[in-house]
Amino acid sequence: MSVLSDRDIRAALEAGAVRITPYDPEDLQPSSVDLHLDCTFRVFRNNRYAFIDVRAPQPDLTELLTVADDEPFILHPGEFVLGQTLEWVELPNDLVARLEGKSSLGRLGLLIHSTAGYVDPGWRGNLTLELSNVAKLPIALYAGMRIGQISFFRMSSEVERPYGSPGLRSRYQGQSEPTASAFHRDFDATRDPDPKRP
């Protein structure tokens, strides 16, 4: 597996093998592309449930918020929210990607993912960010700011079943807003046994 260089990323974008929309050539780094923060956030409402039950759907556990232009979203110490990239990203079946934070933001105590840094071959959608503030002070976040960087790795061969294929239970294909966890579906005894169901 090899990391794509800036010239290889540019070639993949120009050929349409990788899609990043919107894309500004100024965001191309030596081995990655800078991504930006969207204006929508999914916040946890701690007063609606006594605890998070991974086996049960809890539709009111989170609420979607949108901030206006130049309005800060304040992320408090110890707080965890879901955000998303401004960019829609599509990967071919022979590339996998990694989403990482910007080091300048990490030095302020902002983490952009806890486990969701891996982007599967065949992915299509905006990328959900798992935003955490591990600093002692609140952090103001602004829509449009550079929030992370995505790098691309060429696989040994094209995958047989890309993300979104029937039977994989790919739950987030095509997402266009910060999407709450669908983990409870693993426990749903009434789930349709049809393997084509996402």
Side-chain angles (χ1 to χ4, degrees), residues 35-68 71-89 91 96-102 105-120 122-143 145 147-150 163-198:
L35 300 179
H36 302 80
L37 183 63
D38 191 42
C39 62
T40 55
F41 299 87
R42 188 167 288 281
V43 300
F44 285 78
R45 293 304 186 196
N46 300 332
N47 59 342
R48 295 185 179 165
Y49 296 96
F51 60 92
I52 296 174
D53 187 345
V54 298
R55 296 187 307 173
Q58 294 177 308
D60 297 327
L61 180 63
T62 63
E63 180 180 347
L64 197 64
L65 299 179
T66 301
V67 295
E71 178 187 356
F73 179 88
I74 306 300
L75 188 64
H76 294 276
E79 191 173 14
F80 175 83
V81 303
L82 300 178
Q84 76 170 13
T85 60
L86 175 66
E87 292 84 1
W88 174 280
V89 176
L91 295 185
V96 65
R98 287 287 309 176
L99 177 66
E100 299 294 345
K102 300 293 292 179
L105 294 175
R107 294 171 200 217
L108 297 174
L110 179 68
L111 307 181
I112 71 160
H113 73 77
S114 51
T115 62
Y118 189 82
V119 188
D120 278 306
W123 167 265
R124 295 187 319 274
N126 295 80
L127 299 170
T128 292
L129 305 170
E130 301 162 335
L131 300 166
S132 298
N133 179 358
V134 297
K136 299 293 187 184
L137 295 171
I139 300 174
L141 304 177
Y142 296 89
M145 65 183 278
I147 194 67
Q149 54 198 356
I150 189 169
Y163 191 84
S165 295
L168 286 183
R169 287 183 272 170
S170 304
R171 300 179 174 116
Y172 309 109
Q173 184 75 296
Q175 67 184 12
S176 59
E177 65 180 34
T179 305
S181 173
F183 192 80
H184 66 274
R185 290 185 185 172
D186 283 355
F187 297 94
D188 186 0
T190 63
R191 184 172 57 219
D192 186 344
D194 183 353
K196 295 179 182 176
R197 181 174 180 238

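All values derive from a computational prediction rather than experimental measurement.
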T85 backbone acceptor or donor facing N126 side chain under 3.5 Å: yes
Derivation of the side chain to side chain contact (heavy atoms under 4.5 Å, CB included) call for V67 and L141: CA-CA 10 Å; V67 295; L141 304 177; over 6 Å; no
Test item: E87 side-chain N/O and H36 main-chain N/O as donor-acceptor pair under 3.5 Å: yes
Test item: Q149 and R98 side chains (from C-beta on) under 4.5 Å apart, heavy atoms: no
Contact check, side chains of L127 and I150, non-hydrogen atoms, under 4.5 Å: yes
For A143, all residues meeting side-chain contact (heavy atoms from CB on, under 4.5 Å), sequence neighbours excluded: C39
Any residue meeting side chain to side chain donor-acceptor pair (under 3.5 Å) with T62, in chain and number order, not counting sequence neighbours: R42
Interatomic distance, T128 atom OG1 to H113 atom NE2 [nearest 0.5 angstrom]: 13.0 Å
Evaluation steps, side chain to side chain contact (heavy atoms under 4.5 Å, CB included), between Y118 and V96: CA-CA 8 Å; Y118 189 82; V96 65; 3.3 Å; yes
Residues that R45 engages under salt bridge (charged side-chain N to carboxylate O under 4.0 Å, His left out), provided they are two or more places apart: E63
Any residue meeting ring-ring contact (aromatic ring centres under 6.0 Å, His included) with F80, in chain and number order, not counting sequence neighbours: F44
Step-by-step side chain to side chain contact (heavy atoms under 4.5 Å, CB included) determination, L105 to I147: CA-CA 8 Å; L105 294 175; I147 194 67; 4.0 Å; yes
Residue pair P138 / I74: nearest heavy atoms and the distance that separates them: CB-CG2, 3.7 Å
Point-to-point distance, once rounded to the nearest 0.5 Å, from CD of E177 to CG of L64: 5.0 Å
Aromatic plane relationship, F73 with F41 - under 30° parallel, 30 to 60° tilted, over 60° perpendicular: parallel
CG on L129 to CG on L37, rounded to 0.5 Å: 6.5 Å
Residues in side-chain contact (heavy atoms from CB on, under 4.5 Å) contact with D38, at least two apart in sequence or another chain: T40, Q84, L86
Any residue meeting side-chain contact (heavy atoms from CB on, under 4.5 Å) with R124, in chain and number order, not counting sequence neighbours: W88, E90, Q173
All salt bridge (charged side-chain N to carboxylate O under 4.0 Å, His left out) counterparts of E79, not counting sequence neighbours: none
The single option from I139, N133, V134 passing side chain to side chain contact (heavy atoms under 4.5 Å, CB included) against P77: N133
Side chain to side chain, L111 and L131, heavy atoms closer than 4.5 Å: no
For P57, side-chain contact (heavy atoms from CB on, under 4.5 Å) partners two or more places apart: H184
